[in-house]
Amino acid sequence: MRLDGRTAIITGGARGVGFAIAQALAAEGARVALMDPGGAKDGAPEAGSPAEEAAANIRDAGGEAMAIDASVADHEACGRAVAACLDRWGRLDILVNNAGVLRPKMIFNMPVEDWDAVVAVHLRGAYSMIHHAAKAMRDARSGRIVNMGSEAWRGTVGQANYGAAKGGLFSLTRAMARELGRYGITCNTVCPSAATRLTLDEAVKEGFRKRLAAGLITQARFEQVMTMGGPEHIAPFVAWLVSDAAAHVNGQAFRVEAGMVGIYNEPELKAAVTKADRALFSFEELSTLVSGTLLQGYVNPAPPEAAKA
Ligand SMILES: NC(=O)c1ccc[n+]([C@@H]2O[C@H](COP(=O)([O-])OP(=O)(O)OC[C@H]3O[C@@H](n4cnc5c(N)ncnc54)[C@H](O)[C@@H]3O)[C@@H](O)[C@H]2O)c1
């Protein structure tokens, strides 16, 4: 098996994409720790230990798994999770930062608690886990870090907290690739699309039905959403990314969904206008040059609507 002898922490590993990844890594021989306190999709507490149930499920299938009932929003608990993995298995090879919560609202309705909660799980949680895990990986001069991104980093309505946190993750990935690559550690982003309770629960389906009925989306778009593939389509790619076969892949961002794997382009300066001797641009020059040169072909993603009477 391709991951024999390796160990992995998968945050948010109790369900959805994280659980599918944990199953796939375990099936390749990795020992997996599922770090997940459970909770509703907005992070509200829930009874029981879904992480223990998920770990038992993997053990029943012949894998080796342990549950860590802790939140990535707790910096010290992240340190304890890494220590638990090292104590039990003596090494930490793979970290998948997958934990996620959603609290969508328009920015003017978004309380600071919802901003903080989402950033604390997706972005600060990834920092905390990498901070603690990278020391062991550096000492071992080897490691694999995968951060679960989202298309929302490109900007979606009602998801300022989530999109900003995911955008931060893209930058964190790129920084980690450059900081840690010299120690044999790779860090990449995977942007999944899969039917989970986060993306396709009954409330989401009902919302899409209403939008279809109101003519706000096409039948084709409706069917595309309703037939979205499950999280098992994301897991094989992650298993490949953390294997020896992908040792050369570092700092990249991938898009993965049922039947498709894509890669995002590198963020780079697209065009520039310059001024001799670094002289100041005048207002008139900027009006001409920016509109005529830099913004050629540009379309405003959200032009103002006419005010309702
Ligand atoms: N499903 C998709 O199509 C999709 C699309 C884009 C991005 N993502 C990302 O993929 C990841 C997994 O999403 P999913 O769809 O499987 O969602 P999910 O709700 O099914 O699973 C998320 C898991 O994270 C756990 N979690 C929540 N807060 C946590 C915390 N503080 N510490 C540890 N674990 C915590 C939850 O208990 C849950 O088990 C998320 O980061 C999400 O943003 C998913």
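This one's a predicted model, so the numbers in the text were calculated from it and none came from an experiment. Note that ligands are numbered from 1 as they come in the structure, with each ligand's atoms numbered from 1 the same way. Computed from heavy atoms alone, side chains included, the values below leave out hydrogens, waters and symmetry copies.
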> Does NZ belonging to Lys105 count more than 12 external heavy atoms closer than 6.0 Å?
Replying inline: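 More than 12 heavy atoms, drawn from other residues, nucleotides or ligands, come within 6.0 Å of this atom.
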> What class does the angle between the rings of His75 and Tyr127 fall in, given that below 30° is parallel, 30 to 60° is tilted and above 60° is perpendicular?
Replying inline: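 His75 vs Tyr127 ring planes: parallel.
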Shortest protein heavy-atom distance from [atom], along with the residue and atom involved:
{"atom": "atom 31 (N) of ligand 1", "value": "Ser71 OG, 2.9 Å"}
{"atom": "atom 10 (O) of ligand 1", "value": "Met148 CG, 3.4 Å"}
{"atom": "atom 12 (C) of ligand 1", "value": "Asn98 OD1, 3.1 Å"}
{"atom": "atom 18 (P) of ligand 1", "value": "Arg197 NE, 3.8 Å"}
{"atom": "atom 22 (C) of ligand 1", "value": "Gly100 O, 3.8 Å"}

>> Between His122 (side chain only) and Tyr162 (backbone N and O only), is there a donor and an acceptor less than 3.5 Å apart?
In response: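 Not confirmed, His122 side chain does not pair with Tyr162 backbone.
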>> Less than 4.0 angstrom from a charged side-chain N to a carboxylate O is my criterion; do Arg6 and Asp4 meet it?
In response: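 Asp4 and Arg6: not salt-bridged.
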>> So that I can tick it off, tell me whether Asp114 and Arg103 are bridged by a salt bridge, with the cut-off set at under 4.0 angstrom between side-chain N and carboxylate O.
In response: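 The answer is yes: the pair qualifies as a salt bridge.
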Using a heavy-atom cut-off of under 4.0 Å, does the side chain or the backbone of [X] touch ligand 1, or both, or neither?
{"X": "Val72", "result": "both"}
{"X": "Lys41", "result": "neither"}
{"X": "Met228", "result": "neither"}
{"X": "Val17", "result": "both"}
{"X": "Phe19", "result": "neither"}

>> So for Gly149, does at least one of its heavy atoms come nearer than 4.0 angstrom to any atom of ligand 1?
In response: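 Checking ligand 1 against Gly149, which is what was asked, there is a heavy-atom contact under 4.0 Å.
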Between [X] and ligand 1, does any nitrogen or oxygen pair lie at a separation below 3.5 Å?
{"X": "Glu151", "result": "no"}
{"X": "Leu198", "result": "no"}
{"X": "Asp36", "result": "yes"}
{"X": "Thr11", "result": "no"}

> When you check the side-chain N and O atoms of Asn98 and Thr11, is any donor under 3.5 Å from an acceptor?
Replying inline: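 Side-chain D/A pair, Asn98 to Thr11: absent.
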> Any side-chain donor paired with an acceptor under 3.5 Å for Ser287 and Glu284?
Replying inline: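 No - no donor-acceptor pair under 3.5 Å links their side chains.
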> Which atoms of ligand 1 have any heavy atom of Tyr162 under 4.0 Å away?
Replying inline: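 Going through ligand 1 atom by atom, the ones under 4.0 Å from Tyr162 are 6 (C), 7 (C), 8 (N), 9 (C), 42 (C), 43 (O).
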>> Using a 6.0 Å distance limit plus a 45 degree cone around the ring axis, check whether Arg15 lies over the aromatic ring of Phe19.
In response: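 Geometry flag: not set, cation outside 6.0 Å or 45°.
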>> Any heavy-atom pair between the side chains of Asn109 and Ile107 that's under 4.5 Å?
In response: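 No. Closest side-chain heavy atoms not under 4.5 Å.
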>> According to a hydrophobic-cluster definition based on side-chain heavy atoms being under 4.5 Å apart (Ile, Leu, Val, Met, Phe, Trp, Tyr only), do Leu200 and Ile217 belong together?
In response: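 Looking at the clustering, Ile217 is in the same group as Leu200.
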